[in-house]
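All chains are named by letter (A, B, ...) in the order of the sequence lines, taking the proteins before the strands, and each is independently numbered beginning at 1. Scope of the values below: all heavy atoms of this structure, side chains included, with no hydrogens, waters or symmetry mates. On a predicted model such as this, the values are computed, not experimentally measured, just so you know.
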Number of protein chains: 2
Amino acid sequence: MPSERTRRRIPEATVARLPVYLRILGELADDEVESISSDGLADLAGVNAAKVRKDLSFLGSYGTRGVGYVVAYLVYQVRRELGLTHDWPVVIVGAGNLGHALAGHGGFSQRGFPVAAVVDVDPEKVGSVLGGVLVRHIDELSEIVQSKQINIGVVATSASGAQDAAERLVRAGVTSILNFAPVVLSVPRSVEVRKVDLAAELQILSYYEHRRSLAAHGQGSSHSATVVGLATDNGVARRSANA
Amino acid sequence: MPSERTRRRIPEATVARLPVYLRILGELADDEVESISSDGLADLAGVNAAKVRKDLSFLGSYGTRGVGYVVAYLVYQVRRELGLTHDWPVVIVGAGNLGHALAGHGGFSQRGFPVAAVVDVDPEKVGSVLGGVLVRHIDELSEIVQSKQINIGVVATSASGAQDAAERLVRAGVTSILNFAPVVLSVPRSVEVRKVDLAAELQILSYYEHRRSLAAHGQGSSHSATVVGLATDNGVARRSANA
DNA sequence: ATGCATTCGTGCGCGCGTTCACAAAGCGCG
DNA sequence: CGCGCTTTGTGAACGCGCGCACGAATGCAT
């Protein structure tokens with residue numbers, strides 16, 4: 001009966017890894033693997049074994065020494081901690097290219113985030129159907145959010161429409177936003193925002209590519225001093241993935 | 001002529017913020033703003049002013065005390081550091097929902113990452129046109145990568161196809177991968193991988209929503225001890241965005 | 001020319017997250 | 001029933017990044 005107590009705060013870094021563990025545990029369960037060691041899980045997740053143990057220890061002591069973790073039980077605990085014991089319907093703002101793909105992407109509803117609605121400012125787009133959901137006008141947002149008890153909104157508009165979309169979402173009562181537009185949203189502190197910036201990701205890759213090319217055909221010549229240590233392995237070593 | 005030296009290593013956290021600064025600086029330039037202080041830039045980027053100064057100091061001393069930073073010059077320096085002085089053509093693997101959206105998304109080529117090619121395993125999809133690019137068969141990957149000098153690959157396949165896609169990309173000579181599939185890719189250490197996991201992002205939001213709801217209608221009753229500190233403002237405070 | 005206001009660049013302390021290393025705990029076998 | 005093997009859970013050391021606070025530099029007004 002250790003279900004409702006143990007409410008310690010979980011570090012953000014750990015929270016960010018829990019979904020990864022959860023996905024892997026789900027796959028293991030599908031393969032009828034019954035238990036897994038922190039070592040095995042670490043391998044599959046591409047992280048350090050000690051980190052896995054410490055992360056999981058924030059949920060409680062659900063492992064068995066000498067054995068490992070019971071997959072099914074751990075799945076349940078992680079899901080509970082992440083609040084995945086029930087579905088979280090989401091509303092997508094923006095029926096453009098990206099909104100289209102997101103609505104059609106099966107992975108969402110499959111993982112507990114059914115697309116309850118798609119809205120757009122453009123009356124032209126209203127009425128079409130995306131991924132089985134009818135596109136409605138953004139003015140109906142409040143009504144939709146409240147009638148369907150939606151807490152999470154997805155901003156899939158252009159950069160110029162994003163701030164307005166965010167404000168409408170907040171006014172409608174949404175308290176968490178996933179933002180795909182390349183802008184910094186201004187929202188009340190009480191609203192949680194996570195950002196996915198595709199161009200930024202590519203630019204970060206560009207940085208490392210650029211650096212690599214500098215190292216490769218040695219920018220000047222002369223000293224071989226700079227050559228060592230430029231192998232650009234910034235941490236993350238991944239072993240081949242078999243348990 | 002301080003162009004080719006000054007090759008100090010830049011912290012990963014800073015590299016991740018440079019694209020944000022760059023985008024904002026671009027907007028300022030469009031608005032014909034000539035210079036900006038670290039304070040103003042910090043406001044627009046939603047970060048601390050000291051952090052902005054420290055980040056920019058890794059590029060060199062390009063500010064003027066008492067004045068700020070000259071926008072145009074700073075744009076140039078950030079772009080140079082990120083390796084954005086030339087375009088980086090990318091190849092997208094997977095012509096499904098997501099690949100479709102990415103290819104059609106103008107933001108990529110606009111920011112220096114033109115979609116040079118889209119490939120897919122499914123012969124059915126080969127021949128169609130996505131975002132002005134012809135979809136070709138994945139067997140032609142090596143030839144495409146080499147003839148078009150591509151360094152960056154985007155994995156937009158299903159989870160089950162991702163590892164194979166990554167291996168083909170690596171074999172073809174790609175050294176950086178942006179992965180949208182929810183799997184941990186096994187690649188040589190020398191290949192840089194960045195991951196974008198949409199479901200994981202939603203699950204992280206779910207965690208905070210869940211916590212909030214626990215705090216809201218107090219999960220058990222009894223002690224009010226756990227109530228304090230659950231305001232869930234994990235850092236990032238955003239001021240309203242005017243310089 | 002001198003003083004004042006502004007803003008950069010950075011040394012320093014602090015807190016968080018990662019990793020090591022080890023004791024405690026459970027399992028199975030003889 | 002005890003011994004040895006495995007694996008967890010965690011205390012402690014380390015390192016990185018964040019933010020404060022201040023000296024240094026620059027522009028402007030008088």
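Pairing each heavy atom of A:Pro19 with each of A:Val15, the nearest pair is CD-O, 3.0 Å.
Mapping A:Lys51 and B:Ser57 onto DNA chain C via the closest heavy atom, the residue that lands nearer the 5' end is B:Ser57.
Atoms CZ (B:Phe58) and P (C:dG11) sit 11 Å apart, rounded to a whole Å. Taking atom CZ on B:Arg9 and atom P on D:dG15, their separation rounds to 14 Å, with Å as the unit. Note: CG (A:Asp39) to P (D:dT6) measures 12 Å, nearest angstrom. Rounded to whole Å, the distance from OH on B:Tyr62 to C1' on D:dA25 is 18 Å. Note: CD1 (B:Ile10) to P (D:dG17) measures 12 Å, nearest angstrom. In this structure, the CG atom of A:Leu56 is 12 Å from the P atom of D:dT10, given to the nearest Å. Remark: P of D:dT7 and CG of A:Leu41 are 14 Å apart, rounded to the nearest angstrom. Rounded to an integer number of Å, the gap from A:Asp55 CG to D:dT8 P is 13 Å.
Note on B:Lys54: every side-chain N or O is 4.0 Å or more away from OP1 and OP2 of C:dT10. For the pair B:Asn48 and D:dG17, the criterion of a side-chain N or O lying under 4.0 Å from OP1 or OP2 is not met.
Closest to the B:Tyr69 side chain, of the nucleotides C:dT18, D:dG19, C:dC8, is C:dC8. The side chain of A:Pro11 approaches C:dG17 more closely than any other nucleotide in the set C:dT10, D:dT8, C:dG17. Distances from the side chain of A:Ser38 to the nucleotides D:dA12, D:dT8, D:dG9 place D:dT8 closest. When distances run from any side-chain atom of A:Arg53 to the nucleotides C:dC12, C:dG17, D:dT10, the shortest one goes to D:dT10. Distances were taken from every side-chain heavy atom of B:Arg65 (C-beta onward) to each of D:dG17, D:dT26, D:dA21; the shortest belongs to D:dT26. Distances were taken from every side-chain heavy atom of B:Ala13 (C-beta onward) to each of D:dT7, C:dC12, D:dG17; the shortest belongs to D:dG17.
Checked against B:Ile36 for a side chain to side chain contact (heavy atoms under 4.5 Å, CB included), the options B:Asp43, B:Val70, B:Leu25 give a single hit: B:Leu25.
Taking the six-membered ring where the residue is Trp, the centroids of B:Tyr69 and B:Tyr62 are separated by 6.0 Å or more.
Counting heavy atoms from C-beta on, the side chains of A:Leu82 and B:His210 never come closer than 4.5 Å.
Taking the six-membered ring where tryptophan is involved, the planes of A:His86 and A:Trp88 are tilted, since the angle between them lies from 30° to 60°.
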